[in-house]
S.K.: 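Structure incoming, see below.
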Amino acid sequence: MSIKTMNLANVNEELKNKKPHEIVEWALGIAKKPVITTNFRPYEGAILHLVASLQQIPVVWCDTGYNTPQTYKHAEALIEKLGLNIHLYVPKQTVAHRNITLGLPTVDDPKHTLFTEQVKLEPFTRAMKEHQPDVWFTNLRKGQTAFRDSIDVVSKSKDGILKVSPFYNWSDEDLDTYLNEHNLPNEFKYFDPTKVESNRECGLHI
């Protein structure tokens, strides 16, 4: 099956009753250069565990530099527990330097666009350019934002990368059960300076 000519509507119809591990197996079966991205936000342990249990692929972590101490500890615990193949990408400017030149703009500040470009979009673009993936595993779920409600289990990025969200139709309660069954940690003290509010998009997926 060619990703370039893939009919997303047909694929999503075929996958709509599949379990997350079946979706990941399907995607890995057609992928030549798969990656998974993570920011170690709440519930990321589920998709990291699921994909790693089937195949160890590059895990792209674009660290803004503004994560909470709890998130960093959570990340280290998951990396060790799952043996993740982490590829870390950070902004070209340190937080300390940016605090002087730009600060931490609010979402309604015109400077917020530049801030988002510096701390998230540029590192992400650099990561995708280096890895050149054809399949991109994400933990997008229905109900998170208006945009995410408009996609499905399988979608495509603006660059034509196949985005696969195996837990797209799962609730927090479903994921709680998954984490408990597999003895996986979770962490809710998380902060994304490019979104601030949970129902906003940071720009990676639109």
Side-chain angles (χ1 to χ4, degrees), residues 1-62 74 78 82 84 120 124 127-128 131 133-182 184-188 190 192 194-195 197-206:
M1 181 183 295
S2 170
I3 291 175
K4 185 177 294 186
T5 60
M6 184 178 292
N7 185 308
L8 294 181
N10 290 345
V11 168
N12 280 305
E13 180 64 25
E14 292 174 9
L15 296 177
K16 70 177 184 180
N17 294 318
K18 299 291 187 183
K19 295 179 180 179
H21 78 271
E22 294 174 312
I23 295 169
V24 174
E25 288 172 344
W26 168 83
L28 290 173
I30 63 171
K32 292 182 174 63
K33 297 181 69 177
V35 302
I36 179 171
T37 57
T38 186
N39 47 21
F40 293 100
R41 65 177 293 125
Y43 296 110
E44 287 288 284
I47 190 168
L48 292 169
H49 171 269
L50 177 58
V51 174
S53 69
L54 294 170
Q55 185 175 323
Q56 282 287 2
I57 65 174
V59 179
V60 172
W61 179 16
C62 293
H74 175 61
L78 275 176
L82 302 178
L84 299 179
K120 182 165 283 189
F124 175 79
M128 293 294 108
H131 288 275
D134 56 351
V135 170
W136 168 17
F137 290 102
T138 78
N139 208 26
L140 302 186
R141 289 191 289 135
K142 185 166 58 178
Q144 291 178 323
T145 69
F147 168 74
R148 296 177 190 195
D149 286 347
S150 71
I151 62 171
D152 209 325
V153 171
V154 177
S155 58
K156 281 187 180 179
S157 74
K158 59 187 177 184
D159 299 320
I161 304 169
L162 196 71
K163 292 166 61 176
V164 181
S165 306
F167 292 108
Y168 182 74
N169 292 303
W170 278 38
S171 66
D172 287 356
E173 290 74 20
D174 293 329
L175 288 176
D176 284 332
T177 299
Y178 183 97
L179 295 176
N180 288 332
E181 286 178 348
H182 296 282
L184 295 167
N186 204 7
E187 177 54 61
F188 291 97
Y190 172 81
D192 184 339
T194 67
K195 292 177 64 174
E197 298 170 3
S198 61
N199 63 346
R200 293 186 73 253
E201 284 290 345
C202 61
L204 291 187
H205 296 285
I206 295 180

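The residues of the chain are indexed from 1 along the displayed sequence. Values below: all heavy atoms of this structure, side chains included; hydrogens, waters and symmetry mates excluded.
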S.K.: Would a distance-only check, ignoring hydrogens and angles, find a side-chain to backbone donor-acceptor pair under 3.5 Å from D152 to V154?
M.R.: no

S.K.: Under 3.5 Å, is there a donor-acceptor pair between the side chain of D134 and the main chain of A31?
M.R.: no

S.K.: Rounded to the nearest 0.5 Å, what separates atom OG1 in T38 from atom CD in E44?
M.R.: 3.5 Å

S.K.: Does Y43 have any ring pair (Phe, Tyr, Trp, His ring centres under 6.0 Å) partners at least two apart in sequence or in another chain, and if so, which?
M.R.: F188

S.K.: Keeping the roles fixed (side chain from K33, backbone from V135), state whether a donor-acceptor pair exists under 3.5 Å.
M.R.: no

S.K.: Can you see which heavy atom on A52 is nearest to which on L82, and at what distance?
M.R.: CB-O, 4.4 Å

S.K.: Do V153 and F167 come within less than 4.5 Å of each other through their side chains, counting heavy atoms only?
M.R.: no

S.K.: Within a strict 4.5 Å, meaning less than it, do heavy atoms of the H74 and L78 side chains meet?
M.R.: yes

S.K.: Tell me, with the steps shown, if T37 and W136 meet side chain to side chain donor-acceptor pair (under 3.5 Å).
M.R.: CA-CA 7 Å; T37 57; W136 168 17; 2.8 Å; yes

S.K.: Run the salt-bridge test on E13 and K16 with the 4.0 Å N-O cut-off and return the result as yes or no.
M.R.: yes

S.K.: Please check if any side-chain donor atom of N180 sits under 3.5 Å from a side-chain acceptor atom of T177, or the reverse.
M.R.: no

S.K.: Under 4.5 Å between any side-chain heavy atoms of N7 and V11, yes or no?
M.R.: no

S.K.: Taking C-beta and beyond as the side chain, do N39 and C62 meet within less than 4.5 Å on heavy atoms?
M.R.: no

S.K.: Are side-chain heavy atoms of V24 and V164 found at a separation under 4.5 Å?
M.R.: no

S.K.: ring-ring contact (aromatic ring centres under 6.0 Å, His included), that's the test. Do H49 and Y178 meet it? Break it down for me.
M.R.: CA-CA 10 Å; H49 171 269; Y178 183 97; 5.6 Å; yes

S.K.: Are P42 and E187 side-chain neighbours, meaning at least one heavy-atom pair lies under 4.5 Å?
M.R.: no

S.K.: Walk me through whether F137 and W26 qualify under ring-ring contact (aromatic ring centres under 6.0 Å, His included).
M.R.: CA-CA 12 Å; F137 290 102; W26 168 83; 9.3 Å; no

S.K.: Nearest 0.5 Å, please: how far is CG in L140 from OH in Y168?
M.R.: 8.5 Å

S.K.: What are the two closest heavy atoms between L184 and G45, and how far apart are they?
M.R.: CD1-O, 3.7 Å

S.K.: Walk me through whether L84 and W61 qualify under side chain to side chain contact (heavy atoms under 4.5 Å, CB included).
M.R.: CA-CA 11 Å; L84 299 179; W61 179 16; over 6 Å; no

S.K.: Restricting to non-hydrogen atoms, name the atom on P58 and the atom on P34 that form the minimum distance, rounded to 0.1 Å.
M.R.: CD-O, 3.5 Å

S.K.: Which distance, rounded to the nearest 0.5 Å, do you find between the CD of E22 and the CG of L15?
M.R.: 9.5 Å

S.K.: Hey, what do you get for OG1 (T138) to CD1 (I36), rounding to the nearest 0.5 Å?
M.R.: 8.5 Å

S.K.: Starting at CG of N12, measure out to OG of S155 and round the result to the nearest 0.5 Å.
M.R.: 8.0 Å

S.K.: Evaluate the side-chain proximity of V60 to F124: yes if any heavy-atom separation is below 4.5 Å, no if none is.
M.R.: no

S.K.: Calculate, to the nearest 0.5 Å, the distance between atoms CG and CD belonging to L50 and E25 respectively.
M.R.: 8.5 Å

S.K.: Look at the side chain of R141 and the backbone N and O of W170, then say whether any donor-acceptor pair between them is shorter than 3.5 Å.
M.R.: yes

S.K.: Between K156 and I3, is there a side-chain heavy-atom distance shorter than 4.5 Å?
M.R.: yes

S.K.: Report the residues that fulfil side-chain hydrogen bond (donor to acceptor under 3.5 Å, both in side chains) with D159, sequence neighbours left out, ordered by chain and then residue number.
M.R.: none

